[in-house]
**Student:** 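First the structure, which I've put down as structure tokens, then a few questions once you've had a look.
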Amino acid sequence: MRPATRRAVGFTLVELLVVIGIIGLLIAILLPALARAREAANTVKCASNLRGIGQGIANYVAENKQTLPPSNFYKGFAYDPATGQTPTQPTNGYVHWSSFLYQRKDLAGSDRPFLSLSGWEAFQCPSLPNGGLPPANTFAGNGELPSESPGQIDWQAPRLAYTINEALCPRGIFQKFFADRGNVRAYHFVRAGRVKNSAQTILASEIWGQQAAVQTDSLTGNGEKVSASRRPINGFTGGVAGAEQLYKVPPKGKFYRATFDDLGKDPERNAGATPTTLLDWVGRNHGGRKRLDSTGRDGRKSNFLYLDGHVETKDVKETLEPWQWGEKFYSLEN
């Protein structure tokens, strides 16, 4: 009696194609869900970093007579009895608020802490390319644009995802004598207790992750575009356009609260050139792939840190009504 013939074990070509098709279908179904989960995790991580920055600023305030930090000032800042505030150009680079937090790296008196990305993760957002934007002056290979003052290093987080509210945290220009730059504002420091309704006043937010959206003309006169990640933002405007113009006193000397109509539809494509409000520098970094709504506006979300320390994730439009950028321009108004 002949033994029974055994059938070879394995897949036929049809069966293999069916399995491959099922796997492909499952991948197509799962990938978007995984991408959404990853983005949600990045948003939470980014919010956590911003909350930590709020705690760092609170420590600074407690150690400095309840005074909020300046956003930035020129390295070598001093007062001269004859000529006033010096220097009048950022030829030596900048000192930035990020250097005041977490062990006061600004007090080290050295560029060394700012020559590496190591130790600066708290200022980065995982949703942004490279974690954020570089300073105007940084080490070789870290910037997408030329240094504003070649050979100098800004005392700033080497990659930065966050910016602060100029209405609460002044720029380091405390006298109106920068004649070569027009009618520049003169700021003063703000005590945290002066700010009304800290739970509804934004202290900091995310900045765009795309360098082209946050750049401005060099202040050292070399005619190049440089990174403006050091600069604060605010919710006020004077009806003028241009990144540099928005840091000067408006033609009529008055500011008004920015409205929905002042917001750029797609600031990421504006190349930082002609915003009418610095709220266009608030990054729309969360919410998945970029999709413009029916009016052509980018409706992705950002994280916002409030003066009382809590963080909210929302569309920048939601910060305008109710108004959340300060009852007044505290750093300019007494």
Side-chain angles (χ1 to χ4, degrees), residues 42 45-57 59-60 69-77 90-164 169 171-172 203-216 218-220 222 224-233 243 272 281-283 285 302-303 305:
N42 286 347
K45 172 61 176 173
C46 185
S48 177
N49 285 350
L50 195 52
R51 191 175 297 108
I53 286 172
Q55 293 170 348
I57 293 177
N59 291 337
Y60 176 96
S71 66
N72 66 86
F73 53 85
Y74 299 162
K75 197 185 293 185
F77 174 87
T91 50
N92 298 320
Y94 301 90
V95 180
H96 185 260
W97 62 266
S98 59
S99 70
F100 306 154
L101 311 186
Y102 311 129
Q103 301 180 342
R104 290 302 300 264
K105 295 180 179 64
D106 62 305
L107 299 181
S110 167
D111 292 342
R112 185 179 298 275
F114 309 94
L115 296 176
S116 167
L117 299 179
S118 178
W120 293 99
E121 294 81 5
F123 295 95
Q124 299 173 17
C125 175
S127 291
L128 304 188
N130 302 307
L133 299 179
N137 303 288
T138 188
F139 54 89
N142 187 47
E144 289 79 40
L145 295 173
S147 286
E148 185 172 42
S149 299
Q152 301 300 320
I153 297 293
D154 290 346
W155 292 358
Q156 174 181 323
R159 284 286 167 174
L160 184 68
Y162 310 103
T163 183
I164 54 180
C169 301
R171 294 173 74 207
L203 174 58
S205 73
E206 294 180 56
I207 199 167
W208 279 106
Q210 298 296 329
Q211 182 67 85
V214 185
Q215 61 184 21
T216 190
S218 169
L219 296 180
T220 60
N222 59 20
E224 295 178 315
K225 291 289 185 183
V226 297
S227 176
S229 62
R230 72 187 180 280
R231 289 191 166 181
I233 60 171
W281 283 11
V282 174
N285 300 318
S302 181
N303 284 309
L305 168 69

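These numbers come from a predicted model, not from an experiment.
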**Student:** Ring centres under 6.0 Å, that's the criterion: do Phe73 and Tyr94 meet it?
**Tutor:**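 No, they do not, as the ring centres are separated by 6.0 Å or more.
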
**Student:** Do Arg171 and Pro232 have side chains that get closer than 4.5 Å, going by heavy atoms?
**Tutor:** yes

**Student:** Looking only at heavy atoms, what is the nearest atom pair of Val282 and Trp208, with distance?
**Tutor:** O-NE1, 3.5 Å

**Student:** Between the main-chain N or O of Ala213 and the side-chain N or O of Trp281, is there a donor-acceptor pair closer than 3.5 Å?
**Tutor:**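 Such a contact is found between Trp281 side chain and Ala213 backbone.
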
**Student:** Any sub-3.5 Å donor-acceptor pair from Asn92's side-chain atoms to Gln152's backbone N or O?
**Tutor:**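 No, because the side chain of Asn92 does not come within donor-acceptor range (under 3.5 Å) of the backbone of Gln152.
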
**Student:** Checking side chain to side chain contact (heavy atoms under 4.5 Å, CB included) against Ser205, which of Leu50, Ile164, Leu305, Ile233 comes through?
**Tutor:**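 Exactly one option meets the side chain to side chain contact (heavy atoms under 4.5 Å, CB included) with Ser205, and it is Ile233.
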
**Student:** Please report the shortest heavy-atom distance between Asn130 and Glu144, naming the atom on each side.
**Tutor:**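 In terms of heavy atoms, the two residues are closest at ND2-OE2, 4.0 Å.
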
**Student:** Could you check whether any side-chain N or O of Thr216 sits under 3.5 Å from a backbone N or O of Ala228, counting only pairs where one atom can act as donor and the other as acceptor?
**Tutor:**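 No; zero donor-acceptor contacts below 3.5 Å.
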
**Student:** Measure from the side-chain N and O atoms of Ser302 to the backbone N and O of Gly283, and report whether any donor-acceptor pair falls under 3.5 Å.
**Tutor:** yes

**Student:** Taking all heavy atoms of Tyr162 and all of Gln124, pick out the closest pair and write down the distance.
**Tutor:**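 Closest approach of Tyr162 to Gln124, heavy atoms only: OH-O, 3.5 Å.
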
**Student:** If you count the non-hydrogen atoms of other residues, nucleotides and ligands that lie under 6.0 Å from CD in Gln103, is the total more than 12?
**Tutor:**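 No, the 6.0 Å shell around CD holds no more than 12 heavy atoms from other groups.
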
**Student:** So how far is it from Asp154 CG to Lys75 NZ, rounded to the nearest 0.5 Å?
**Tutor:**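 With rounding to 0.5 Å, CG (Asp154) is 6.5 Å from NZ (Lys75).
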
**Student:** What's the shortest heavy-atom distance between Pro90 and Ser149, and which atoms?
**Tutor:** O-OG, 2.9 Å

**Student:** Measuring only between side-chain heavy atoms, which start at C-beta, is Pro135 closer than 4.5 Å to Phe114?
**Tutor:** no

**Student:** Taking Ser227 for its side chain and Pro134 for its backbone only, find out whether a donor-acceptor pair lies under 3.5 Å.
**Tutor:** yes

**Student:** Does any N or O in the side chain of Arg159 come within less than 3.5 Å of the main-chain N or O of Asn142, such that one atom is a donor and the other an acceptor?
**Tutor:**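 Confirmed, Arg159 side chain pairs with Asn142 backbone.
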
**Student:** Kindly say whether Pro113 contributes a backbone atom to a donor-acceptor pair with the side chain of Trp155 at under 3.5 angstrom?
**Tutor:**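 No, the answer is negative, given that no donor and acceptor are paired below the 3.5 Å cut-off.
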
**Student:** Please report the interatomic distance CH2(Trp97) to CZ(Phe123), rounded to the nearest 0.5 Å.
**Tutor:**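 Trp97 CH2 to Phe123 CZ: 5.5 Å, rounded to 0.5 Å.
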
**Student:** How far apart are the closest heavy atoms of Ser110 and Arg112, and which atoms are they?
**Tutor:** OG-N, 3.0 Å

**Student:** Rounded to the nearest 0.5 Å, what's the gap from CG on Asn285 to OG on Ser127? Could you check?
**Tutor:**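 The OG atom of Ser127 is 7.0 Å from CG of Asn285, to the nearest 0.5 Å.
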
**Student:** Between Glu148 and Asn137, do the side chains contain an N or O donor and an N or O acceptor separated by less than 3.5 Å?
**Tutor:**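 There is no such pair between these side chains.
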
**Student:** Nearest 0.5 Å, please: how far is CG in Leu203 from CD1 in Ile57?
**Tutor:** 4.5 Å

**Student:** Look up atom CD in Glu224 and atom OG in Ser218, then write down how far apart they are to the nearest 0.5 Å.
**Tutor:**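 Going from the CD atom of Glu224 to the OG atom of Ser218 covers 7.0 Å.
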
**Student:** Does the Thr163 side chain pair with the main chain of Arg231, one donor and one acceptor, at a distance under 3.5 Å?
**Tutor:**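 Flag set: sc Thr163 to bb Arg231 pair under 3.5 Å.
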
**Student:** At what distance, to the nearest 0.5 angstrom, does CZ of Phe139 lie from CG of Asp111?
**Tutor:** 12.0 Å

**Student:** Are Leu160 and His96 side-chain neighbours, meaning at least one heavy-atom pair lies under 4.5 Å?
**Tutor:** yes

